[in-house]
Amino acid sequence: MSSGGCSIVWFRRDLRVEDNPALSAAVRAGTVVALFIWAPEEEGQYQPGRVSRWWLKHSLAHLDSSLRSLGTSLITKRSTNSVSSLLDVVKSTGATQVFFNHLYDPLSLIRDHQAKEVLTSHGITVLSFNADLLYEPWDINDACGQPFTTFAAFWERCLSMPYDPDSPLLPPKKIIPGDVSRCMSDILVLEDELEKASNALLARAWSPGWSNANKALTTFINGPLLEYSKNRKKADSATTSFLSPHLHFGELSVKKVFHLVCIKQILWANEGNKAGEESVNLFLQSIGLREYSRYICFNHPNSHERPLLGQLKLFPWVVNEGYFKAWRQGRTGYPLVDAGMRELWATGWLHDRIRVVVSSFFVKVLQLPWRWGMKYFWDTLLDADLESDALGWQYISGSLPDGRELDRIDNPQFEGYKFDPNGEYVRRWLPELARLPTEWIHHPWNAPEAVLEAAGVELGSNYPLPIVGIDAAETRLEEALSEMWRLEAASRAVTENGTEEGLGDSSESTAVAFPQDIQMEESDEPARNNSPPLARHYQDQMVPSITSSLTRVEEEVTSDIRNSAEQSRAEVPINVNTRQNARDALNERMLQTAQRNAQLHYNSGMHMRNAAEDSAVESSSISRRRERDGGVVPEWSPSASSYSEQLVGDENGIASSSSYLQRHPQSHQLLNWRGLPQTG
DNA sequence: GTTAGCTTTGT
DNA sequence: CAAAGCTAA
């Protein structure tokens, strides 16, 4: 009956009332319906894991109570199709506008575009905003108007932009509720009975919710931030910001973090506090990496499943589920790695340094396919974040132009003495090694028999011997790299012979199916210090097949692939599965469209900056403009869009695109590791 | 104390 | 590879 001007605010990973541009815009426009849609099936294989859902549950409750104190409440919907649920809510509330904030992961890019199209075709006004980043990805380009391809250059540009990030918005003082009398909330089941027991521990260490996020920020800025630079090497870290899960769910605005931290930096700079200034720079850099992860994802929407440097597609990963299991359980025989993996399993948390240690070990010593590791992180981390994790794993696995070289193996023994010099971290998480002297704690396999005996360590029985020696790993890695170059040369030869699709298309991601039985057996549970055992309930995190399912059409195909992959899992196919190719082509088209449309849809919601800044984008990709809601809204047209095509890369996707490589002088460093043979 | 030359590290 | 850190004259 009411509301000519009822607006829906579609909350996603922006679970806050403060500095939430979509919410503020809706409040300004009139009555408001706050909506959250839970549609995990849409995320394909990246459905949130147990701890992630635990966080979400509490964050939503917190948001709801904040909204209630402002005059409305959160409508929740359980759905398998966000867009149609959105439309249902529009109809049942009589809303005329839908506002939401941007996301940059590949699935959201497509879904949000669909949402915009469908709603617009129903005569609904849709506006979207930047709530997640300091600057939108399309605002950060090099001198030629191209996206950056190395982090340092990207971040330097961000920090020297001619205009500051928007200042944070205050929370609304009051919200006038829309008419939801015909719109019932669904109860969301984000945690089942078995999981409750496991999750009970989490609440001791973490407090989800936007106002708790603000408290965590204040605590950090007034405390550990000052020593951030000094402490960053310690595995045992009460010294990190602990903001990542808050940031993942958008409980905390990055713009606000940036703002407050910069103010602190100015203060310290005035006092001549060098250490403080340095700490702020380092902390901001980690914020920058988060920005960069979105930037990479937007520019290369396949980066969660394809290496950005093409030759990695042909790397002969070791497909060994035994290794994978040992890694997950913290039974690799390398104490620092094992301690990290057990901490991850027990708490859903890992210091950034240790994430690098365990993932580097995974990729370089075990030589397992990095996407397996990434998926495991996704399932177990409290702050699991697709964009950040993709960036991290690509960095580790040598598939970024500015990442670590693949042939440099980090030795967990030496890293142990660097990050955990007194062995305290290892002792906390590996009780079976607790009595070992520090001298041997990071390499028990070298310890004299008598020492081991005195410490109650029986290698091979209560603590494993290293499952792979570092020397053996180095040898195998070199061989693998030669093999990769051999395949790469062969692939190039085929392509140059004029064959349409050569080897190059048997992408690594499709060749290596994810193991199906990721759950750990009860009996093999790693020992854990004095925490009560967590109930093992992992079915909900069972890993599906290899592909991201972007569409329903595709999901059908996916199950076929799963079956065929079962049979030949250990093989890196030499020949291209034609069905797979068709799927890839479909994906490619979807993504191209999505990219193009993302360009459109983001442009249409963005706050206009100064004209000069925008003109580059506008002139290349926008042909018409029209007025809407008093704002100038650019409109995209295909004929004018060379820009978005470049973002996608060539027909082979991001990974193998020569254009990507061409823009990377450094990539050739990768190509030249130790003069590996280019042929045979 | 300084510094060339080597090792480590870094997104 | 380049910058930073370290060592041995």
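By convention in this document, chain letters (A, B, ...) are assigned in the order of the sequence lines, proteins followed by strands, and residues within each chain are numbered from 1. FYI, side chains are in, hydrogens and waters are out, and symmetry mates aren't considered; it's all heavy atoms of this structure. Everything numeric here is computed off the predicted structure, so don't read it as measured data.
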Touch class at under 4.0 angstrom, heavy-atom based, for A/Tyr395 against every strand present: base
Under 3.5 Å donor-acceptor, A/Glu483 side chain and A/Pro316 backbone: no
A/Asp410 (side chain) donor-acceptor with A/Phe361 (main chain) under 3.5 angstrom: no
Tell me: [atom1] of [X] to [atom2] of [N], nearest whole Å?
{"X": "A/Ile396", "N": "B/dG10", "atom1": "CD1", "atom2": "C1'", "answer": "11 Å"}
{"X": "A/Asp352", "N": "B/dT11", "atom1": "CG", "atom2": "C1'", "answer": "9 Å"}
{"X": "A/Arg157", "N": "B/dT11", "atom1": "CZ", "atom2": "P", "answer": "21 Å"}
{"X": "A/Phe151", "N": "C/dA3", "atom1": "CZ", "atom2": "P", "answer": "17 Å"}
{"X": "A/Glu415", "N": "B/dG10", "atom1": "CD", "atom2": "C1'", "answer": "13 Å"}
{"X": "A/Phe154", "N": "B/dT11", "atom1": "CZ", "atom2": "C1'", "answer": "12 Å"}
{"X": "A/Leu400", "N": "C/dC1", "atom1": "CG", "atom2": "P", "answer": "19 Å"}
{"X": "A/Glu405", "N": "C/dA2", "atom1": "CD", "atom2": "P", "answer": "12 Å"}

Residue pairs, two or more places apart or on separate chains, that pass ring pair (Phe, Tyr, Trp, His ring centres under 6.0 Å) and touch residues 390-415 of chain A: A/Phe362-A/Trp393, A/Phe377-A/Trp393
Give a yes/no on whether any side-chain N or O of [X] is located under 4.0 angstrom from OP1 or OP2 of [N].
{"X": "A/Lys418", "N": "B/dT9", "answer": "yes"}
{"X": "A/Gln394", "N": "B/dT11", "answer": "no"}
{"X": "A/Arg408", "N": "C/dC1", "answer": "no"}

Pairs where residues 265-275 of chain A contributes a residue and the test side-chain hydrogen bond (donor to acceptor under 3.5 Å, both in side chains) is met, not counting sequence neighbours: A/Gln265-A/Asn281
